[in-house]
Peer 1: 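Mind looking over this structure? Questions follow.
Here the structure is a predicted model, which means the values were calculated and not measured. Whatever order the structure lists them in is the order used to number ligands and atoms, beginning at 1.
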Amino acid sequence: MIDADAMDREALAALLRWYAAMGVDCALGEAPVDRFVQAREKSEESAPEFARAAPEPPAPAPAPPPRPQTPAPPKTRPVAPQPAAALSHDAAAASAREQAASARTLDELRERLAAFDGCALKFSATQLVFADGAPDAKIMIVGEGPGADEDRIGRPFVGRAGQLLDKMLAAIGLDRTKVYIANVVPWRPPGNRTPTPQELALCLPFVRRQIELVAPDFLVLLGASAAQTLLNEKEGITRLRGHWHDYHGDGGTIRALPMLHPAYLLRAPLKKAQAWRDLRVLRHALDQKYGRGAAGPA
Ligand code: URA
């Protein structure tokens, strides 16, 4: 005989396993959040939004009578702090610009970013993932955003894509002591989804300031999010990759090379041939600037 309670638990466990396999590994609110409404409400109330209970979802349609022996679900469940709440998009963008511009060092920038509440990603992520590598490097690599491993460990590119990136760097005589690595968004998007244009725009002043403070000779932009955001381009990564572009920073123009993202190369290994061509383009530029055969800039 099947125990209905045990069956429900198993069904629930199976559902959770399926969610995890589909990449849904982060519990957010039960109902979609209209952040524009939140922002309006926020401006009328004094308590921070994330400190208050989530709004009741709209009244549900009349439910069928409950099944016998099945406990009714609790009326309210804990939800992740509802961010950002804090500010309208425009106000958050203005705050991001102000905070980023006022940072005089990378340490200050990291502090400002850690204190910045304007981007909702912060509230579903475990921690800020700011950078790895050498802050005085001549090559700065910018990826899209942290994945699950980076979110757990707090450093960019430490998961499978990061291991591939290390191999790609080694193939042209580079390693993490010779590059500085960051992302266009420093908090993990839930389920590893692509950051939205709004999230990218909110984080942009910070990564631009990060580039300005590192002041590299070369930028390597991994994947479409990094390349399109930093180059202000709409063209796809397959067209952008492998050619030098000008990144127009506040501290001057920097040569930037878009490349295929290592996470994409893991899914499409045949594209590694293109990535190898792009790495040789980078190596050639390094040889021209710092001398042929040098293991890389000091
Ligand atoms: N992918 C990225 O774009 N950045 C990371 O830090 C890790 C994976």
Peer 1: For Ser102 and Arg112, test the side chains for any donor-to-acceptor distance below 3.5 angstrom and give the result as yes or no.
Peer 2: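 Yes, a side-chain donor-acceptor pair sits under 3.5 Å.
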Peer 1: Got a donor-acceptor contact below 3.5 angstrom from the Gln228 side chain to the Glu235 backbone?
Peer 2: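 Between the backbone of Glu235 and the side chain of Gln228 there is a qualifying donor-acceptor contact (under 3.5 Å).
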Peer 1: For atom 5 (C) of ligand 1, which protein heavy atom lies nearest, and how many Å away is it?
Peer 2: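 Nearest neighbour among protein heavy atoms for atom 5 (C) of ligand 1, to 0.1 Å: Gly145 O, 3.4 Å.
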Peer 1: Using distance alone, with no hydrogens and no angle criterion, decide if Thr177 and Asp175 have a side-chain donor and acceptor under 3.5 Å apart.
Peer 2: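 Yes, Asp175 and Thr177 have a side-chain donor paired with an acceptor closer than 3.5 Å.
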Peer 1: Could you tell me how the ring of Trp187 sits relative to the ring of Phe116: parallel (under 30°), tilted (30 to 60°) or perpendicular (over 60°)?
Peer 2: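 Trp187 and Phe116: parallel rings.
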Peer 1: Checking contacts here: is it the side chain or the backbone of Glu150 that comes within 4.0 Å of ligand 1, counting heavy atoms only? Could be both or neither.
Peer 2: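 Only the side chain of Glu150 comes within reach of ligand 1.
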Peer 1: Counting only heavy atoms not in Arg239, do more than 12 sit closer than 6.0 Å to its CZ atom?
Peer 2: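 Not buried by this count: 12 neighbours or fewer within 6.0 Å.
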Peer 1: At a 4.0 Å threshold, what atoms of ligand 1 neighbour a non-hydrogen atom of Glu144?
Peer 2: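 Listed by number with element: 2 (C), 3 (O).
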Peer 1: Could you tell me which atoms of ligand 1, counted from 1 in the order shown, lie closer than 4.0 angstrom to a heavy atom of Pro156?
Peer 2: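 That gives atoms 6 (O) of ligand 1.
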Peer 1: Please could you name the atoms of ligand 1 that Gly143 approaches to less than 4.0 Å, counting only its heavy atoms?
Peer 2: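 In order of number, 3 (O).
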Peer 1: Could you find the nearest protein heavy atom to atom 4 (N) of ligand 1 and give me its residue, atom name and distance?
Peer 2: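 Checking every protein heavy atom, the shortest distance to atom 4 (N) of ligand 1 gives Asn183 OD1, 2.8 Å.
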Peer 1: Flag Gly147 as yes when one of its N or O atoms lies below 3.5 Å from any N or O atom of ligand 1, and as no otherwise.
Peer 2: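 For ligand 1, there is no N or O atom that lies under 3.5 Å from one belonging to Gly147.
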Peer 1: What's the verdict on salt bridge (charged side-chain N to carboxylate O under 4.0 Å, His left out) for Arg176 and Asp166, showing C-alpha distance, side-chain angles and the deciding distance?
Peer 2: CA-CA 8 Å; Arg176 289 188 190 223; Asp166 286 340; 2.8 Å; yes
Peer 1: What atoms in ligand 1 come closer than 4.0 Å to a heavy atom of His261?
Peer 2: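 Listed by number with element: 1 (N), 2 (C), 3 (O).
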